[in-house]
Undergrad: 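Below is one structure. I have some questions about it.
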Amino acid sequence: MIDKLQFKWFKSIETVEFEPGSVNVLIGANGSGKSNLLEAIGILSAAVSGRVDDEALLRRGVRPGVPALFKCSFPDIKGPLNIHFGAWRQSASYEVSLFNPIKDSAQAWRYHTENLQKDSHRILGRSHRRKEKHNPEAGLAALKMVEMTDQDDALLLLNELRDFAIFTPNTPTLRGTLADSQQRQPVGLAGGQLANAVSNLDRFRTATKANKDSSDREAFIAKVRANALQLIDWATFFGTYSASSMPLSPSVGSMESVVRFTDRFMKSGRNTLSGYDASEGALYVLFHMVLAAHPKSPQICAVDNADHGLNPRLARELFRNICEWNLNSPYSRQIFLTTQNPLSLDGLPLQNDRVRLFTVSRTEKGRTVINRIELDRFKKMAEQGWTLSRLWAMGHLGGVANV
């Protein structure tokens with residue numbers, strides 16, 4: 001798990017440093033820089049993998065851009081030559097500076113400096129000032145990983161970072177009527193493989209039943225699945241079936257497999273709904289279920305607008321479950337979520353230090369800043385019945401629009 005992140009000179013970020021937990025919720029006004037923070041992790045992930053270009057960024061859910069837009073451009077500071085990213089995990093750290101000229105930009109960003117350390121001992125390093133020359137578009141950490149055999153903090157840090165992805169599910173893609181442009185495991189960055197992911201999760205659970213060593217994983221998947229079904233209060237069942245066996249209009253385009261729900265209020269024989277006909281909230285619940293329970297989900301990931309399409313009370317309960325799923329997971333997982341729904345915060349068990357709430361805002365000069373919200377600051381108000389949602393809506397937490 002990443003213990004600290006640091007970014008410099010990226011978009012609206014001049015300098016930001018923060019310490020994430022296992023579950024991290026970012027709140028803030030539109031345009032405050034929440035997505036910039038997630039994308040900074042995505043660029044760091046691409047750098048660890050050895051190449052930073054549009055293809056590598058798209059694979060991680062980062063919006064491609066030109067150097068003039070990626071680099072800090074505040075009028076009161078000199079334009080930086082490079083952008084700096086860093087991550088720390090216990091005794092290990094990885095830092096990289098990337099460079100691409102604003103004029104005459106190249107397809108791939110160039111590595112300006114790169115440094116991997118463990119216990120203050122440098123494992124690898126590069127600098128534009130050194131005599132030895134490396135391919136400036138190829139990262140050294142990716143090459144070093146091939147040689148590293150010990151499962152120490154340094155290798156774990158690189159492995160966790162390189163598979164990072166920002167998921168941004170949307171309703172048409174979850175319904176299976178729109179193709180997902182990035183088919184990342186296990187569900188696609190926009191949710192386009194939801195039906196297959198639900199099916200794979202069920203098959204994995206069945207397979208682990210026969211393996212005594214995997215009984216904890218089977219129990220975890222079963223629990224997460226049961227929790228998800230409880231959140232979809234109108235359904236008694238969900239699963240995956242072929243589109244040809246479902247009551248779908250011939251004018252509706254769909255994938256070969258679709259999600260199927262059984263409606264508990266309708267009579268037998270006419271109580272089957274596909275993902276196309278079901279409520280979008282149910283699809284978002286299944287998306288988060290898969291991301292939490294599937295063994296092929298990234299160890300570190302983000303979901304932008306994680307509350308999209310959800311009723312406020314459902315958002316609160318879903319966030320409560322997301323925290324429980326990740327805190328009790330048999331996998332090593334770390335997740336970043338952004339939300340605009342105040343009631344989502346009431347589902348966060350902030351008394352657990354592994355769950356952390358951050359406000360993201362911009363200073364008077366436009367710099368993005370991030371601050372952790374700790375309950376001790378609001379103890380008296382909490383005793384008087386103030387909830388986190390009310391504190392946020394009334395402006396006491398920060399992270400609100402100045403309108």
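Note that the coordinates shown come from a computational prediction; the quantities given were computed from them, not determined experimentally. All values below come from the heavy atoms of this structure, side chains included, with hydrogens, waters and symmetry mates left out.
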Undergrad: For the residue pair Ala29 and Lys34, what are the closest heavy atoms and their distance?
TA: O-NZ, 3.1 Å
Undergrad: The test is side-chain hydrogen bond (donor to acceptor under 3.5 Å, both in side chains); show your working for Asn271 and Thr262 and say whether it passes.
TA: CA-CA 6 Å; Asn271 61 345; Thr262 301; 5.4 Å; no
Undergrad: Answer yes or no: is there a side-chain heavy-atom contact under 4.5 Å between Leu98 and Arg110?
TA: no
Undergrad: Does the side chain of Phe167 come within less than 4.5 Å of Cys301's, by heavy atoms?
TA: yes
Undergrad: Please determine whether a side-chain nitrogen of the Lys or Arg among Arg175 and Glu280 lies less than 4.0 Å from a carboxylate oxygen of the Asp or Glu.
TA: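 Looking at Arg175 and Glu280, the cut-off is not met.
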Undergrad: Dump the intermediate steps for salt bridge (charged side-chain N to carboxylate O under 4.0 Å, His left out) on Lys144 and Glu147, then the final yes or no.
TA: CA-CA 5 Å; Lys144 190 67 177 179; Glu147 305 172 5; 3.4 Å; yes
Undergrad: Any donor and acceptor pair, going by atom type alone, linking the side chain of Thr168 with main-chain N or O of Ala190 inside 3.5 Å?
TA: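 No; judged by distance alone, with no hydrogens or angles, the pair does not exist.
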Undergrad: Could you tell me whether Glu324 and Lys223 make a salt bridge, using a distance below 4.0 angstrom between a side-chain N and a carboxylate O?
TA: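 Answer for the salt bridge query: yes.
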Undergrad: Does CD in Glu55 sit with more than 12 non-hydrogen atoms of other residues, nucleotides or ligands closer than 6.0 Å?
TA: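 12 or below, so no.
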Undergrad: Between Ser389 and Leu345, is there a donor-acceptor pair closer than 3.5 Å when you use the side chain of the first and the backbone of the second?
TA: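 No: the side chain of Ser389 does not pair with the backbone of Leu345.
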Undergrad: Going through the checks in order, is the salt bridge (charged side-chain N to carboxylate O under 4.0 Å, His left out) test met by Asp153 and Arg89?
TA: CA-CA 6 Å; Asp153 289 336; Arg89 185 192 196 280; 3.1 Å; yes
Undergrad: Can you give me the closest heavy-atom contact between Ala293 and Phe220, atom names plus distance?
TA: CA-CE2, 3.9 Å
Undergrad: Would you name the heavy atoms of Leu189 and Leu58 that are closest together and state the gap between them?
TA: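 For Leu189 and Leu58, the tightest heavy-atom pair comes out as CD1-O, 3.6 Å.
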Undergrad: Is a donor from one side chain sitting under 3.5 angstrom from an acceptor on the other, for Trp9 and Asn82?
TA: no
Undergrad: Is the closest basic N to carboxylate O distance between Lys380 and Glu383 below 4.0 Å?
TA: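 A salt bridge is absent here (no side-chain N lies under 4.0 Å from a carboxylate O).
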Undergrad: Anything under 30° is parallel, anything over 60° is perpendicular, the rest tilted; go ahead and classify Phe70 against Phe10.
TA: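 Correct class here is tilted.
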Undergrad: Judged by modelled atom types alone, do Asn196 and Ser199 share a side-chain donor-acceptor pair under 3.5 Å?
TA: no
Undergrad: Do other residues, nucleotides or ligands put more than 12 heavy atoms under 6.0 Å from the CD atom of Gln107?
TA: no
Undergrad: Quick one: do Trp109 and Asp53 satisfy side-chain hydrogen bond (donor to acceptor under 3.5 Å, both in side chains)? Show the steps, please.
TA: CA-CA 6 Å; Trp109 285 72; Asp53 56 14; over 6 Å; no
Undergrad: Is there a donor-acceptor contact under 3.5 Å from the side chain of Asp277 to the main chain of Leu273?
TA: no
Undergrad: Decide ring-ring contact (aromatic ring centres under 6.0 Å, His included) for Trp88 and Tyr94; before the verdict, give the C-alpha distance in whole Å, the side-chain angles of both, and the deciding distance to 0.1 Å.
TA: CA-CA 7 Å; Trp88 284 257; Tyr94 176 76; 10.0 Å; no
Undergrad: Do Ile27 and Thr338 touch side chain to side chain, with heavy atoms closer than 4.5 Å?
TA: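 Ile27 does not reach Thr338 side chain to side chain.
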Undergrad: Using every non-hydrogen atom in the two residues, find where Val96 and Ala47 come nearest and quote the distance to one decimal.
TA: CG1-CB, 3.9 Å
Undergrad: Determine whether Ser22 and Val355 make a side-chain contact, defined as any pair of heavy atoms from C-beta on separated by less than 4.5 Å.
TA: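 With C-beta onward as the side chain, the pair stays apart.
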Undergrad: Donor-acceptor pairs under 3.5 angstrom involving side-chain atoms of residues 367-376: please list them, not counting sequence neighbours.
TA:
| residue | atom | partner | partner atom | Å |
| --- | --- | --- | --- | --- |
| Arg367 | NE | Glu14 | OE1 | 2.7 |
| Arg367 | NH1 | Asp76 | OD1 | 3.2 |
| Arg367 | NH1 | Asp76 | OD2 | 3.3 |
| Arg367 | NH1 | Lys365 | O | 3.4 |
| Arg367 | NH2 | Glu14 | OE1 | 3.4 |
| Arg367 | NH2 | Asp76 | OD1 | 3.1 |
| Arg367 | NH2 | Asp76 | OD2 | 3.1 |
| Thr368 | OG1 | Ser12 | OG | 2.6 |
| Thr368 | OG1 | Ser32 | O | 2.8 |
| Arg372 | NH1 | Asp353 | OD1 | 3.4 |
| Arg372 | NH2 | Asp353 | OD1 | 2.8 |

Undergrad: Using a 4.5 Å cut-off on heavy atoms from C-beta on, say whether the side chain of His121 contacts that of Lys118.
TA: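 No. Closest side-chain heavy atoms not under 4.5 Å.
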Undergrad: What residue among Val187, Leu291, Asp163 forms side chain to side chain contact (heavy atoms under 4.5 Å, CB included) with Ser297?
TA: Leu291
Undergrad: For the pair Gln183 (side chain) and Asp180 (backbone), establish whether a donor and an acceptor sit closer than 3.5 Å, ignoring hydrogens and angles.
TA: yes
Undergrad: Would you say the side-chain atoms of Asp304 pair up with the backbone N or O of Ser35, donor to acceptor, closer than 3.5 Å?
TA: no
Undergrad: Report yes if the side chains of Phe238 and Arg225 come closer than 4.5 Å at any heavy-atom pair, otherwise no.
TA: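 Sidechains of Arg225 and Phe238: in contact.
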Undergrad: Phe261 vs Phe237, test: ring-ring contact (aromatic ring centres under 6.0 Å, His included). Steps then yes/no.
TA: CA-CA 6 Å; Phe261 297 91; Phe237 170 83; 8.9 Å; no
Undergrad: Please tell me if the side chains of Val224 and Ile221 come closer than 4.5 Å, counting only heavy atoms from C-beta onward.
TA: no
Undergrad: How close do Arg362 and Phe74 get, heavy atom to heavy atom, and via which atoms?
TA: NH2-CE2, 4.3 Å
Undergrad: Does Glu19 pair with Lys4 as a salt bridge, N-O distance under 4.0 Å?
TA: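 Looking at Lys4 together with Glu19, the answer is no, because their closest N to O distance does not fall below 4.0 Å.
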Undergrad: Check the pair Arg60 / Ser49 against side-chain hydrogen bond (donor to acceptor under 3.5 Å, both in side chains), numbers first and verdict last.
TA: CA-CA 11 Å; Arg60 290 164 174 81; Ser49 296; 2.7 Å; yes
Undergrad: Thr173 and Asn170: side-chain donor and acceptor closer than 3.5 Å?
TA: yes
Undergrad: Angle class for the His112/Phe99 ring planes (parallel below 30°, perpendicular above 60°, tilted otherwise)?
TA: tilted
Undergrad: Can Arg390 and Asp346 be said to form a salt bridge (charged side-chain N to carboxylate O under 4.0 Å, His left out), step by step?
TA: CA-CA 9 Å; Arg390 185 183 174 194; Asp346 293 341; over 6 Å; no
Undergrad: Donor-acceptor pair, Arg333 side chain versus Ala292 backbone, under 3.5 Å?
TA: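 Yes, Arg333 side chain to Ala292 backbone: donor-acceptor pair under 3.5 Å.
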Undergrad: Give the intermediate values and the outcome of ring-ring contact (aromatic ring centres under 6.0 Å, His included) for residues Trp386 and His396.
TA: CA-CA 11 Å; Trp386 284 69; His396 294 290; 5.1 Å; yes
Undergrad: Apply ring-ring contact (aromatic ring centres under 6.0 Å, His included) to the pair His308 and Tyr284, showing each step before the final yes or no.
TA: CA-CA 8 Å; His308 184 79; Tyr284 285 95; 5.4 Å; yes
Undergrad: With rounding to the nearest 0.5 Å, note down the distance linking CG in Asp233 to CG in Leu229.
TA: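 If I round to the nearest 0.5 Å, the distance is 10.0 Å.
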Undergrad: Please indicate whether Lys296 has more than 12 foreign heavy atoms, meaning atoms of other residues, nucleotides or ligands, lying under 6.0 Å from its NZ.
TA: no
Undergrad: Before giving the answer on salt bridge (charged side-chain N to carboxylate O under 4.0 Å, His left out), spell out for Glu39 and Lys11 the whole-Å C-alpha distance, their side-chain angles and the decisive distance to 0.1 Å.
TA: CA-CA 10 Å; Glu39 291 187 336; Lys11 292 190 175 182; 2.9 Å; yes
Undergrad: At their closest point, which heavy atom of Asn341 faces which heavy atom of Ala315, and how far apart are they?
TA: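 Residues Asn341 and Ala315, closest heavy atoms: ND2-CB, 3.6 Å.
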Undergrad: Below 4.5 Å, heavy atoms only, C-beta onward: do Arg270 and Asp263 meet side chain to side chain?
TA: no
Undergrad: Regarding Arg356 and the six-membered ring of Phe336, is the cationic atom NZ or CZ under 6.0 Å from the ring centre and inside 45° of its axis?
TA: no
